[in-house]
Every structure is written in structure tokens, then in C-alpha cells.
Colleague: 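Please find one structure pasted underneath; my questions will follow.
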Number of protein chains: 2
Amino acid sequence: MELEQKKVCLPEKSFPPGKIKIMNALSELMREKDFHSITTADIAATAGVTEGLIYKYFKDKKDLLYQVLNGHFQTFQHYITRKIAAQTASVDKLRIIIKTSLKSYAVNRVFARILLLEVRNSSNYFESDAYDMVKIYSRTILDIISQGIDAGEIREDVDPHALRQVILGSIEHACLGEVIFGKELDIDKVSENICNIIFKGVQK
Amino acid sequence: MELEQKKVCLPEKSFPPGKIKIMNALSELMREKDFHSITTADIAATAGVTEGLIYKYFKDKKDLLYQVLNGHFQTFQHYITRKIAAQTASVDKLRIIIKTSLKSYAVNRVFARILLLEVRNSSNYFESDAYDMVKIYSRTILDIISQGIDAGEIREDVDPHALRQVILGSIEHACLGEVIFGKELDIDKVSENICNIIFKGVQK
DNA sequence: TTATTTAGTGAGTAAAATTTACTTACTTTA
DNA sequence: TAAAGTAAGTAAATTTTACTCACTAAATAA
């Protein structure tokens, strides 16, 4: 397993120990509870620091969440970029993106939870560094699609934005059941099914 | 326009006026703010009632949210069932579901907001009446797919659950930008794009 | 008429998030 | 080497917010 759940998914150095402990504490607590039912007292106790310190390093509780997400996203981005580079055909790259994303979400459920369920409802997330990472990821997919069309692999009457939507939507929806209900996901099967539908179409 | 944004989307009668005012108030406030940053004081002030009354009619703040969602969902469900009935071919039914769902979300953004962003993070939503409506909607799609396979309209090597995932994921992801950033959505175009991809496939 | 339910109030409480004033220890620099 | 500044962390006060509870007024049923 290349992609394992690490305690800290951040540029650990340069961060003071207290900050790292706080971020790890939230990450740990999110395995059991949802963000809203985790209190700053919980976080401080788990981290072994005082509540005040949280506000030294984070604007507010949500800012802490965004920074934790950002850390996870760094790991994800590095991993997926390397995987994509190993492929040449656009369609294969998309296939890898689908499979690798599903796998990342499955392996790191806290990451999936935060990304799919916890941050999207507040508007200031979309100004956070974490969301910048999403934009990069999202942009990568769009570029691959465009290249695929140019290379003649993908039909030219396919709208790239629409295809990206379908891909991202499929990935995310496939993970929801897993993230919410903790169902096990057969990644190979699910990703193959999704690719089968999107690439070949469903109509006879 | 058949589907317009009504103030109240509930069996208004039988509900005491205060309850309706409270539900409308939340619905109204959710146009600007996310659920978590709306306080019970906000709701009460907007509704013109006291905070205490909220807890007369609702178990807690979340229960209020679920009931509001449920009201919106009733309208949605009726509308979509009627639309589907007008079609015979399974593929056309799916097309209608995609288009009508997109339209419902576009017309009623608060409904979309609540459904796609606000409720999924808390586990007790999945025991709520509102979620029962989702199950019915979701089940409908699965049945149509199965019928489509039986009727020979849809390839038999397509996994029905996977196809449903792709459809639901595509719809939801297409709405996200709209719900979050308030972007206008060209429903005809977007739904046509999605159908084009899913039905015909993207590969040359 | 009197009892009883129904709609609604308003003051309060406990828990949680955030702020503030402070200590301690480590660098830098004069 | 002493002074000055800063970074890490604390402890307690403050504010916000969801939620409770004992009460009133009015309508309805007996």
C-alpha cells in the first residue's frame, strides 16, 4: 500500500508542536464524530494543550478544519499526480483519476468526510487554501479531457466541463455511502463500472 | 413555469401559524447564510415569534431543518412523478429525471442547498422523514434503469446501481456551482450534455 | 360554567466558542 | 552580557447560542 493513512499530512517542520498536535487531534476525533459535535474542549484535551492555543494558530474552529483538510489534500495531490504521470492515453489517465480518487477517499475517510460533507456548506471555505487545492485537481481533469479530445481519443462533441462534472459527481457519489454509512467499497469494481458507463455509454 | 418557488411547501393547514412562520423564516434566512451560522435568535426574530416557540414545534434546530427540507421534497416528488409518467421509454424517463431534478434545484436553491450541503453531515438525518423521500426518489431511478435493461434499451452489462450513482452524482455536481456560487445554469444545455455523455459514452 | 387543551411568551441556564491578559523561554542585538 | 523582542503556551473571563421551563391568554369541549 502506497497510500496509507498518516498521522500528519502536512509540512510538519516549521509548524510548532502545539499546532501539529491540535491538527492531529481534530483529525483523530473526526474518525468518530462529525465536526460540529466536536468541541474545542475535546480538541484541546485530545491534543494535550489548552483551548486558547487553538486560537493562537487558527482564526476559528473552521479555519482549523480547513487547514487539516489542506494537509490531507497535499498528500492526495502528490499521490495522484505521480499516478497520472505513469499513463500516456487520456482515457487511461481519467481511469486512473477515478480509481485513485476512490481509493484515496476509501483509505482516508476523514479526508473524504471533510471534503464531501463538512466544508462545502460555509462560503468562506471557498476562499481557503484547501479549496485552492481542489481547483488544481479539478483543473487537471479538465486539461486531460481537452487533451483527449485533441488527440482524438474522446468524441469532439463532448463538452469538457460536462464530462468533468460527470466524472467528479460519479466519484463523489460513489463515496458517499461509504463515508456516511461506513460501507466497504470494492474500488476495482466500482471504478470499472463507472468507467464502463462514462466511456462506452449505456445505450444500446 | 409549473414549478415555482413557493413560500411554504408544506401541508400548510393543520400547522399552527407560528410553526409555518418559523419554517418560512429558516427557509428565507438560508438564501443568504448557511444553516450553522443562522442562530435560533435570528430565526425567531425573522419569524416574529419567540425562541421558545421553536422548541414547542421542533425537537431541536436540526429537526426544524429536516422538516423544512421535507416540505420542499414533497413538492419536488409530486412534480417529478408526474413528469416521468408522461414518458414511455426508460431512457426518456431518465432524461426527464435529470432535467427535472436540475430544474428543481435551480428554481429552489434553498431546497438544493439543504439537500446537497447541509443535512448529510449529521447521522440522524438518515433516520428522518426527509431522507425517506430521498430513498423513494432514488428507488424510482433504480427501477427505471432495471426496466430499461429488461426492455433492451440499456446495455445488460451496465450495473444498475453504478448507473444510478453516475446519474445522481452528475446531477448533484452540476448543481453545486449554482448552489454555492449562485451561477446561472443553462438547464437544457447541461442536461443535454450529461445525457449525451452517459447515454452515448465519451470514447470514440 | 368550568375544565382542558392549544398557541405562544419570556426569562433563564448550561455548554460551547472566542477573547483577553498574562507567564515562560528562547533569540537577537546593542 | 544585559536588554529587548518574540514565539509558545496558559488560565480564566466573556460572549454567544442552543435549549428549558414555568407561565399566560385564548379557544374549545364538557
Side-chain angles (χ1 to χ4, degrees), chain A residues 8 10-30 32-69 71 114 118-119 121-125 128, chain B residues 8 10-30 32-69 71 114 118-119 121-125 128:
Chain A
V8 183
L10 331 141
E12 305 173 36
K13 35 200 103 193
S14 87
F15 276 169
K19 183 167 184 177
I20 296 173
K21 279 194 278 178
I22 290 166
M23 293 176 82
N24 281 332
L26 176 61
S27 215
E28 196 179 312
L29 287 167
M30 295 260 318
E32 301 141 27
K33 290 192 228 177
D34 60 302
F35 180 65
H36 185 237
S37 40
I38 296 168
T39 67
T40 49
D42 276 342
I43 299 167
T46 311
V49 299
T50 56
E51 281 186 71
L53 195 63
I54 296 173
Y55 295 89
K56 198 93 185 186
Y57 297 122
F58 308 97
K59 214 178 103 307
D60 51 24
K61 210 182 137 197
K62 282 228 162 123
D63 180 45
L64 163 58
L65 182 68
Y66 300 154
Q67 290 203 39
V68 169
L69 174 61
I114 301 176
E118 301 283 5
V119 292
N121 48 21
S122 61
S123 56
N124 50 345
Y125 157 65
S128 74
Chain B
V8 183
L10 330 142
E12 307 173 33
K13 36 200 103 195
S14 87
F15 276 170
K19 183 166 184 179
I20 297 172
K21 280 194 278 179
I22 290 166
M23 293 176 83
N24 282 332
L26 176 61
S27 217
E28 195 179 313
L29 287 166
M30 295 254 328
E32 300 141 27
K33 289 195 229 175
D34 60 299
F35 180 65
H36 185 238
S37 38
I38 296 168
T39 66
T40 48
D42 275 342
I43 298 167
T46 312
V49 298
T50 56
E51 279 187 71
L53 194 63
I54 296 173
Y55 295 89
K56 197 96 186 183
Y57 298 122
F58 307 97
K59 214 177 103 306
D60 51 25
K61 208 183 140 197
K62 283 232 163 115
D63 180 44
L64 163 59
L65 182 68
Y66 300 154
Q67 289 203 39
V68 169
L69 173 62
I114 300 177
E118 301 283 6
V119 291
N121 49 20
S122 61
S123 55
N124 51 343
Y125 157 65
S128 74

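Proteins come first, then strands; the chains are lettered A, B, ... in the order of their sequence lines, and each starts at number 1. Here the structure is a predicted model, which is why all the values come from computation and not from measurement. Note: hydrogens, waters and symmetry copies are ignored here, and every other heavy atom, side chains too, is used.
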Colleague: Please list, chain by chain and in numerical order, all residues satisfying salt bridge (charged side-chain N to carboxylate O under 4.0 Å, His left out) with B/Lys33, sequence neighbours excluded.
Modeller: B/Asp42

Colleague: Got A/His36 and B/Ser122 here, is their nearest side-chain heavy-atom distance under 4.5 Å?
Modeller: no

Colleague: Report yes if some heavy atom in the side chain of B/Val49 is under 4.5 Å from a heavy atom in the side chain of B/Lys21; otherwise report no.
Modeller: yes

Colleague: Might you point out which heavy atoms bring A/Val68 and A/Ile114 nearest each other, and give the distance in Å?
Modeller: CG1-CD1, 4.1 Å

Colleague: Apply side-chain contact (heavy atoms from CB on, under 4.5 Å) to the pair B/Asn124 and B/Tyr66, showing each step before the final yes or no.
Modeller: CA-CA 10 Å; B/Asn124 51 343; B/Tyr66 300 154; 3.2 Å; yes

Colleague: For a quick check of understanding: with a heavy-atom distance under 4.0 Å over all strands, which category does B/Tyr57 fall into, base, sugar-phosphate or nothing?
Modeller: sugar-phosphate

Colleague: Taking only N and O in the side chain of A/Tyr55, is any of them less than 4.0 Å away from OP1 or OP2 of C/dT18?
Modeller: yes

Colleague: Encode nucleotides 10-16 of chain C as B, S and - characters from 5' to 3', where the letter depends on protein heavy atoms closer than 4.0 Å: B to the base, S only to sugar-phosphate, - to neither.
Modeller: B-----S

Colleague: Report the residues that fulfil ring pair (Phe, Tyr, Trp, His ring centres under 6.0 Å) with B/Tyr55, sequence neighbours left out, ordered by chain and then residue number.
Modeller: none

Colleague: Of all nucleotides in DNA chain D that come within under 4.0 Å of a heavy atom of chain A, which is furthest toward the 5' end and which toward the 3' end?
Modeller: D/dA8 to D/dA11

Colleague: Who passes salt bridge (charged side-chain N to carboxylate O under 4.0 Å, His left out) against B/Glu51, sequence neighbours left out?
Modeller: none

Colleague: Using the test side chain to side chain contact (heavy atoms under 4.5 Å, CB included), find all partners of A/Lys19 that sit at least two apart in sequence or belong to another chain.
Modeller: A/Phe15, A/Pro16, A/Met23, A/Tyr57, A/Phe58, A/Gln67

